[in-house]
A.B. asks: 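Handing you this structure, nothing more for now.
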Amino acid sequence: MSRYRIAGKGRVDHGAPVRFTFDGRAYAGLRGDTVASALLANGVHLMGRSFKYHRPRGPVAAGSEEPNALIGTRRGPGRFEPNTRATMQEIRDGLEASSQNKFPSLKWDLGAVNDAAYMLFSAGFYYKTFMWPKSFWHRVYEPIIRAAAGLGVAPTEEDPDHYASRNLHCDVLVVGAGPAGLAAARAAAAEGLRVVLVDENAEVGGTLLSEPQAQIDGRPAWDWLAAELEALKALGVRIMTRTTAIGYYHQNLIGLCQRLTDHLDVLPADTPRERLWRVRARRVVLAQGALEKPLVFHGNDRPGVMLAGAAQTYLNRYGVRVGDAPVILTSHDSAWYAAFDLQDAGARVQAIVDLRDAVREELLNEARARGIPVRLSHTVTATSGRLRVSAVRVNPVTNGKVGAGQAIKCDALLMSGGWTPSLHLFSHTQGKLAWDEDRTTFLPALTPEDCVIAGAGRGLWGIAAALRDGAEMGREVAQALGKAGAALAHDVQNDRTGSGVSMKELPTDRNPGKAKAFVDYQNDVTAKDLRLAVREGMRSIEHVKRYTTNGMATDQGKMSNINGLMIAADALGKPAPQVGLTTFRPPYTPTSFGAFAGYHRGTHFELTRKTQIDAWAEEQGAVFEPVGQWRRAWYFPRQGEDMEAAVRRECRQTRASVGIFDASTLGKIEVVGPDAVTFMERMYTNPWAKLGVGRCRYGLLLGDDGFIRDDGVIGRMAEDRFHVTTTTGGAARVLNMMEDYLQTEWPDLNVWLTSTTEQWSTIALNGPNAARLLAPFVEGVELTEAAFPHMSCAECTVAGMPARLFRVSFTGEIGFEVNVPAPLGRKLWETLWQAGQQYGIVAYGTETMHVLRAEKGYIIVGQDTDGTVTPFDAGMGWAVGKAKPDFVGKRGLARPDLVAGTRKQLVGLLTEDGSKLEEGAQIVFDPKQAIPMKLVGHVTSSYHSDAAGRPIALALVEGGHERMGETVHVPMPDRTIAAKITGTVFVDPDNTRLKI
């Protein structure tokens with residue numbers, strides 16, 4: 001066993017050794033260790049290199065706030081994760097851990113040359129350095145900067161793990177299972193409330209795990225903790241360990257990430273690696289505790305320099321002594337207790353260096369009793385040691401002046417600048433902060449959410465205070481939820497309370513402009529960087545943050561923000577409250593992409609929606625394509641046919657006789673209410689007031705900017721009811737847009753919007769024989785030109801099924817769309833398919849539908865439009881009501897640039913050599929112009945058309961409507977194709993084929 005491991009001490013299992021590797025070297029730890037505690041037990045402090053200067057770094061903390069000890073972890077092929085905190089990753093048999101940001105090795109890193117040239121890498125140096133010559137940016141500077149960016153290496157293999165997500169509702173969610181959280185959970189659960197208690201660590205207990213000396217209700221802290229957990233379970237409290245509250249969102253929605261398998265030696269079958277929880281709580285208790293502040297002085301980042309509270313955690317929780325001869329540097333009482341624990345555990349504390357002039361007499365007595373030297377009113381001005389601290393330079397401070405320094409040899413320097421409440425989740429709620437002058441920190445004040453903060457999270461120190469406050473907050477939320485509420489009292493002995501003073505940089509006899517006094521360890525931000533940012537004009541703390549990168553990246557300011565604020569405020573000459581704090585953003589700690597993606601990967605990346613007729617199409621050998629979230633039949637090949645042959649056959653047969661098409665995926669929205677007509681008039685460009693019941697109209701929907709957003713045929717089923725169809729991919733977007741206008745712009749309208757896309761199966765029949773096939777099955781409607789003309793709709797019965805029947809066409813042929821309740825879709829399809837055999841009926845897919853509509857010049861929104869096309873550009877000015885007083889997009893259409901004659905407009909193209917153009921191909925007027933050519937448009941749709949007897953295309957071309965008959969050119973890699981501009985209708989321009 002390593003000399004740094006104390007036999008029998010801590011909460012690790014001393015009878016369960018665990019073997020793992022770090023940078024290829026084998027190590028042994030104990031069950032319950034983290035990578036950091038196991039390496040420290042083996043005397044390893046060097047665990048990484050810093051981002052910018054490549055300085056040697058070791059762990060400075062013991063929890064998720066750790067900025068330095070970021071490692072890569074691997075468990076076989078594909079299971080690699082960079083930037084894992086060594087302080088949070090539990091060791092397991094066979095774990096492969098590796099350091100980051102070094103070459104060729106951790107001890108000998110060539111990147112450390114940056115450290116020698118650190119004066120060249122001051123804050124914002126890249127903004128000021130890489131400006132000349134200008135051509136170097138893309139060719140030299142940017143590639144080098146991008147190659148150097150980041151710490152870990154992104155995985156290159158596919159992740160074989162899977163991830164899950166769940167929803168959970170509860171009365172009370174308690175975040176943080178330290179003394180305050182435990183007490184709050186107990187008080188709320190005792191009232192019969194559904195309570196969930198979460199903690200990011202492998203064990204609950206918080207500060208109790210590292211302060212076993214306390215006696216609670218007459219029992220040692222750990223015995224009390226075990227009994228309390230049993231009591232909570234008996235009350236039905238759901239306790240979730242290894243679960244981080246990553247974000248706090250509106251209406252008390254909290255995101256949790258639960259780590260399920262990273263600590264296991266063997267992966268259980270079918271168990272997700274992580275699970276994302278979406279928790280909706282009636283009340284939330286934030287009991288996240290406080291984070292210890294580092295002190296800012298030259299050399300404060302060497303391996304072996306760490307927080308005193310972290311050393312106490314490694315000692316009491318993991319049974320690891322971080323050094324044999326530590327020095328304590330502090331401005332707060334809490335570090336003295338760490339010194340006492342270490343001395344009692346066999347370390348030889350070289351000195352307690354306290355920046356204050358005086359401390360409590362009881363602390364001095366405890367130090368004297370243990371023979372620990374004490375130096376009050378002293379500072380540390382430097383550290384020594386290459387890969388681990390070996391000495392510190394201690395200087396007296398008299399009346400603000402720093403005296404001559406003296407070196408003290410040591411193998412660890414443990415610092416404490418006091419404690420900062422963990423405000424991250426509170427900040428996510430847009431809560432207000434209040435400055436506490438006595439504690440020199442921000443405390444939570446008001447929040448718009450139904451939450452309370454308990455314990456150290458609001459500036460209360462000590463186990464007794466945390467238990468008392470947690471119980472009170474639990475009682476408060478119970479009363480808010482209608483319960484009586486009773487706070488439980490606890491008797492605490494051997495508590496460790498105290499106070500301290502807050503420092504900026506420590507007093508020094510060095511030149512501050514050359515000091516490597518780090519504020520943000522992760523981003524290599526020093527005190528001089530912050531002061532430089534202020535000198536160079538940064539006045540807002542948010543600007544200082546971005547100019548220096550202080551508090552950015554995965555750290556999100558956990559250890560650096562308060563120190564950074566104090567230094568920036570001093571440089572600005574303003575009180576800290578006037579400077580303010582930067583905004584903390586979710587997630588609270590880095591969270592894997594897998595956890596966010598959950599089930600949405602591979603074939604589950606998006607939900608695949610299938611119509612009732614999908615299975616029939618699959619049985620017929622259809623080839624499918626995704627359209628939005630739907631799987632749609634693309635074409636129906638027969639034996640020996642490729643796609644082109646199948647599509648040409650489907651087109652020919654539909655135009656010659658009859659084709660059947662599954663149009664169920666069309667978006668369908670029911671617009672109902674006394675003001676339905678008014679609503680339609682305002683939403684769509686067309687007039688609707690005079691549209692009779694039983695009639696249809698093609699509708700265009702614009703955005704505020706005047707550009708086409710969607711289109712579809714709309715039927716008036718009753719005076720107060722419209723059946724609106726949208727494009728397949730636009731259904732949700734259109735409904736959201738309608739709801740947005742209805743709720744925010746026109747709340748006075750009595751209109752109800754209902755998505756009915758999945759309530760109807762829609763079957764389209766097109767072709768000369770469509771009416772003959774359908775007529776025998778229709779009851780209540782006579783399918784004649786006089787009784788049911790084109791653009792009619794009716795509610796009737798089809799093949800004994802209730803139906804909405806529309807006479808519309810997207811092919812230019814006689815066409816009908818039959819809507820029946822969704823479960824009846826396949827039955828109707830098979831009925832019509834069987835009856836259509838006498839007419840040589842053909843099933844066709846989306847590709848044939850595209851060809852048939854292009855032959856008639858019908859657009860597809862999103863293919864023939866690109867978000868910048870107006871109705872006039874598309875040649876559909878006829879669909880814009882000239883006399884309408886207003887509609888969405890009307891003012892946008894009046895903008896001068898939207899009526900310019902040089903706009904790109906939709907036209908037809910016929911190639912001179914009869915070749916087929918490529919969709920997306922660019923168009924020029926002059927093929928002989930110098931490169932770069934002036935591009936004047938692009939091909940939007942291109943198909944071979946048997947009906948037209950040649951390839952056809954649609955395109956957007958500058959001023960295309962005034963260029964009919966002109967020739968344009970399409971440059972391709974092997975040649976340039978000439979094409980003539982034509983109208984967009986290639987088949988039956990007089991629409992004679994629409995009549996029965």
Side-chain angles (χ1 to χ4, degrees), residues 1-5 17-62 66-115 147-157 262-263 265 301-306 310 314 318 320 322-323 385-390 411-412 521-522 524 554 590:
M1 180 177 291
S2 166
R3 69 177 186 177
Y4 297 103
R5 177 79 73 182
V18 179
R19 289 167 178 80
F20 69 103
T21 63
F22 179 66
D23 281 347
R25 182 177 176 181
Y27 292 94
L30 298 177
R31 186 70 62 192
D33 264 328
T34 63
V35 172
S37 67
L39 289 176
L40 289 171
N42 284 276
V44 177
H45 278 255
L46 177 62
M47 298 184 194
R49 290 279 178 166
S50 70
F51 170 60
K52 186 164 62 173
Y53 299 129
H54 286 246
R55 287 172 64 87
R57 290 283 170 84
V60 69
E66 172 57 40
N68 285 340
L70 305 182
I71 59 173
T73 61
R74 180 180 295 278
R75 190 206 291 263
R79 291 188 167 95
F80 171 76
E81 181 179 85
N83 293 332
T84 301
R85 281 161 168 73
T87 53
M88 295 297 290
Q89 175 63 57
E90 297 167 69
I91 61 172
R92 58 176 185 260
D93 271 323
L95 170 68
E96 299 174 40
S98 56
S99 58
Q100 303 181 154
N101 203 41
K102 87 288 185 182
F103 178 82
S105 70
L106 185 58
K107 289 185 176 181
W108 299 98
D109 179 19
L110 291 178
V113 67
N114 289 0
D115 191 31
L151 284 168
V153 178
T156 58
E157 303 168 298
D262 280 357
H263 63 289
D265 295 340
D301 68 324
R302 295 189 193 279
V305 179
M306 66 171 60
Y314 287 121
Y318 299 105
V320 175
V322 298
R386 178 174 170 267
L387 301 180
R388 179 175 176 179
V389 65
S390 60
D411 60 358
Y521 293 88
Q522 190 165 105
D524 273 347
T554 65

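All figures in this text were calculated on a predicted structure; none of them were measured in a lab.
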A.B. asks: For Tyr521, which residues count as a side-chain hydrogen bond (donor to acceptor under 3.5 Å, both in side chains) partner, sequence neighbours excluded?
C.D. replies: Asn300
A.B. asks: Can you name the salt bridge (Lys or Arg N to Asp or Glu O under 4.0 Å) partners of Arg388, sequence neighbours left out?
C.D. replies: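 Salt bridge (Lys or Arg N to Asp or Glu O under 4.0 Å) check on Arg388 returns Asp411.
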A.B. asks: Grab the two heavy atoms, one from Phe80 and one from Gly72, that are nearest each other, plus how far apart they are.
C.D. replies: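 So the two residues come closest at CE1-CA, 3.9 Å.
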A.B. asks: Contact between Val322 and Tyr4 at the side-chain level, heavy atoms closer than 4.5 Å - yes or no?
C.D. replies: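 No, every pair of side-chain atoms sits at 4.5 Å or beyond.
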A.B. asks: Asn83: which residues meet the side-chain contact (heavy atoms from CB on, under 4.5 Å) condition with it, sequence neighbours left out?
C.D. replies: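 Result, side-chain contact (heavy atoms from CB on, under 4.5 Å) vs Asn83: Leu70, Gln100, Leu151.
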A.B. asks: What I'd like to find out is whether the side chain of Leu95 reaches to under 4.5 Å of the side chain of His263, using heavy atoms alone.
C.D. replies: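 In short, these two side chains do not touch, never coming nearer than 4.5 Å.
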A.B. asks: Which residue pairs satisfy the side chain to side chain donor-acceptor pair (under 3.5 Å) criterion with at least one member in residues 86-97, sequence neighbours excluded?
C.D. replies: Glu90-Arg242
A.B. asks: Kindly give the heavy-atom pair with the smallest separation between Ala412 and Gly323, and that separation in Å.
C.D. replies: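 Smallest interatomic distance, heavy atoms only, reads CB-CA, 4.3 Å.
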A.B. asks: Treating Arg5 as the side-chain partner and Tyr318 as the backbone partner, does any N or O pair qualify as donor plus acceptor under 3.5 Å?
C.D. replies: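 Flag set: sc Arg5 to bb Tyr318 pair under 3.5 Å.
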A.B. asks: Pair Met306, Tyr314 - check side-chain contact (heavy atoms from CB on, under 4.5 Å), show working.
C.D. replies: CA-CA 11 Å; Met306 66 171 60; Tyr314 287 121; 4.2 Å; yes
A.B. asks: side-chain hydrogen bond (donor to acceptor under 3.5 Å, both in side chains) with Arg49: which residues, sequence neighbours excluded?
C.D. replies: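 side-chain hydrogen bond (donor to acceptor under 3.5 Å, both in side chains) check on Arg49 returns nothing, list empty.
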A.B. asks: Which residues pass the salt bridge (Lys or Arg N to Asp or Glu O under 4.0 Å) test with Asp301, sequence neighbours left out?
C.D. replies: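 With sequence neighbours excluded, Asp301 shows a salt bridge (Lys or Arg N to Asp or Glu O under 4.0 Å) to Arg55, Arg57, given in chain and number order.
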A.B. asks: Could you walk me through whether Tyr27 and Asp33 pass side-chain contact (heavy atoms from CB on, under 4.5 Å), step by step?
C.D. replies: CA-CA 12 Å; Tyr27 292 94; Asp33 264 328; over 6 Å; no
A.B. asks: For the CG atom of Asp109 and the OH atom of Tyr53, what is their distance to the nearest 0.5 Å?
C.D. replies: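 If I round to the nearest 0.5 Å, the distance is 15.0 Å.
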A.B. asks: Taking atom CG of Leu46 and atom CG of Leu387, what is their separation to the nearest 0.5 Å?
C.D. replies: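 With rounding to 0.5 Å, CG (Leu46) is 5.5 Å from CG (Leu387).
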A.B. asks: Rounded to the nearest 0.5 Å, what's the gap from CZ on Phe22 to CG on Leu106? Could you check?
C.D. replies: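 These two atoms lie 5.5 Å from each other.
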A.B. asks: Under the side-chain hydrogen bond (donor to acceptor under 3.5 Å, both in side chains) rule, collect the residues that match up with Asn42, sequence neighbours excluded.
C.D. replies: none
A.B. asks: Just to verify, what does Ala86 make a side-chain contact (heavy atoms from CB on, under 4.5 Å) with, not counting sequence neighbours?
C.D. replies: Val35, Ala36, Met47, Ala69, Ile71
A.B. asks: For Pro17, enumerate each residue passing the side-chain contact (heavy atoms from CB on, under 4.5 Å) test, keeping only those at least two apart in sequence or located in another chain.
C.D. replies: Arg19
A.B. asks: Test: salt bridge (Lys or Arg N to Asp or Glu O under 4.0 Å). Region: residues 35-46. Which pairs qualify, not counting sequence neighbours?
C.D. replies: none
A.B. asks: My understanding is that only residues two or more places apart in sequence, or in another chain, count here; which of them pass side-chain hydrogen bond (donor to acceptor under 3.5 Å, both in side chains) with Arg79?
C.D. replies: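 Listed in chain order: Asp161.
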A.B. asks: Would the distance check show the side chain of Thr34 and the main-chain N or O of Ser37 forming a donor-acceptor pair, the cut-off being under 3.5 Å?
C.D. replies: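 Checking the backbone N and O of Ser37 against the side chain of Thr34, a donor-acceptor pair under 3.5 Å is found.
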A.B. asks: First locate atom CZ of Arg302, then atom CZ of Arg386, and finally report the distance between them rounded to the nearest 0.5 Å.
C.D. replies: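 The CZ atom of Arg386 is 11.0 Å from CZ of Arg302, to the nearest 0.5 Å.
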A.B. asks: Side chains of Asp23 and Ser98: any donor to acceptor distance under 3.5 Å?
C.D. replies: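 Absent: no donor and acceptor within the cut-off.
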A.B. asks: Side chains of Val389 and Pro303, heavy atoms from C-beta outward: is any pair under 4.5 Å?
C.D. replies: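 A side-chain contact is absent here, since even the closest heavy-atom pair is not under 4.5 Å.
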A.B. asks: Can you tell me how far the CD atom of Glu66 sits from the OG1 atom of Thr84, to the nearest 0.5 Å?
C.D. replies: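 So the CD of Glu66 and the OG1 of Thr84 are separated by 12.5 Å.
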A.B. asks: Quick check: closest heavy atoms across Leu30 and Ile91, and the distance to 0.1 Å?
C.D. replies: O-CD1, 3.5 Å
A.B. asks: Before you tell me yes or no, could you show the steps for Glu81 and Arg75 under salt bridge (charged side-chain N to carboxylate O under 4.0 Å, His left out), namely the whole-Å CA-CA distance, both residues' side-chain angles and the distance that decides it to 0.1 Å?
C.D. replies: CA-CA 9 Å; Glu81 181 179 85; Arg75 190 206 291 263; over 6 Å; no
A.B. asks: Using modelled atom types and a 3.5 Å cut-off, is there a donor and acceptor pairing between side-chain atoms of His54 and backbone atoms of Asn101?
C.D. replies: yes
A.B. asks: Considering all heavy atoms of both residues, which atom of Ala310 and which atom of Ala62 are nearest to each other, and what is their separation?
C.D. replies: CB-N, 3.7 Å
A.B. asks: Of the non-hydrogen atoms in Ala38 and Gly29, which two are nearest, and what is the gap between them?
C.D. replies: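 Nearest heavy atoms, Ala38 then Gly29: CB-CA, 4.2 Å.
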